[in-house]
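Here the structure is a predicted model, which means the values were calculated and not measured.
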Amino acid sequence: MRGRLSLDEGGGAALDVGGSLILFDLARPLLPDGADGSWVEVRVAPDSVTVWPYDA
């Protein structure tokens with residue numbers, strides 16, 4: 001999936017994919033400076049994805 005990345009100070013990230021936000025918890029090492037607001041592509045093997053409920 002491809003979208004615009006937004007980082008927060010708490011170590012999380014959101015990927016805006018066509019107006020839908022996909023939330024990520026980031027592991028170490030952290031993303032490089034300048035990654036906030038950049039366009040990225042995320043590729044993940046299907047057996048490496050975990051989905052958790054989220055209350056807005």
Side-chain angles (χ1 to χ4, degrees):
M1 60 191 139
R2 296 176 184 156
R4 187 173 297 265
L5 186 67
S6 298
L7 304 177
D8 69 25
E9 295 85 24
L15 185 65
D16 184 341
V17 179
S20 296
L21 294 178
I22 300 170
L23 305 177
F24 289 93
D25 288 324
L26 300 177
R28 300 272 186 234
L30 294 178
L31 296 172
D33 290 339
D36 188 33
S38 63
W39 287 92
V40 298
E41 179 175 282
V42 177
R43 294 180 185 189
V44 181
D47 61 343
S48 297
V49 174
T50 304
V51 178
W52 296 90
Y54 176 78
D55 290 324

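When the side chains of ILVMFWY residues are joined at heavy-atom separations under 4.5 Å, either directly or via intervening members, Val49 and Val40 end up in a single hydrophobic cluster. No chain of hydrophobic side-chain contacts below 4.5 Å, direct or via other Ile, Leu, Val, Met, Phe, Trp or Tyr residues, connects Trp52 to Phe24.
To the nearest 0.5 Å, atom CG of residue Leu15 and atom CE of residue Met1 are 6.5 Å apart.
Taking each heavy atom of Leu21 and Ala14 in turn, the nearest pair found is CD2-CB, 4.4 Å. Residue Ala35 comes nearest to Leu7 through the heavy atom pair CB-CD1, 4.3 Å, listed as atom of the first residue, atom of the second, then distance.
Within 6.0 Å of the CZ atom in Arg2, the count of heavy atoms belonging to other residues, nucleotides or ligands does not exceed 12.
Screening Asp16, Val42, Leu31, Asp36 for a side chain to side chain contact (heavy atoms under 4.5 Å, CB included) with Leu5, the sole residue that qualifies is Leu31.
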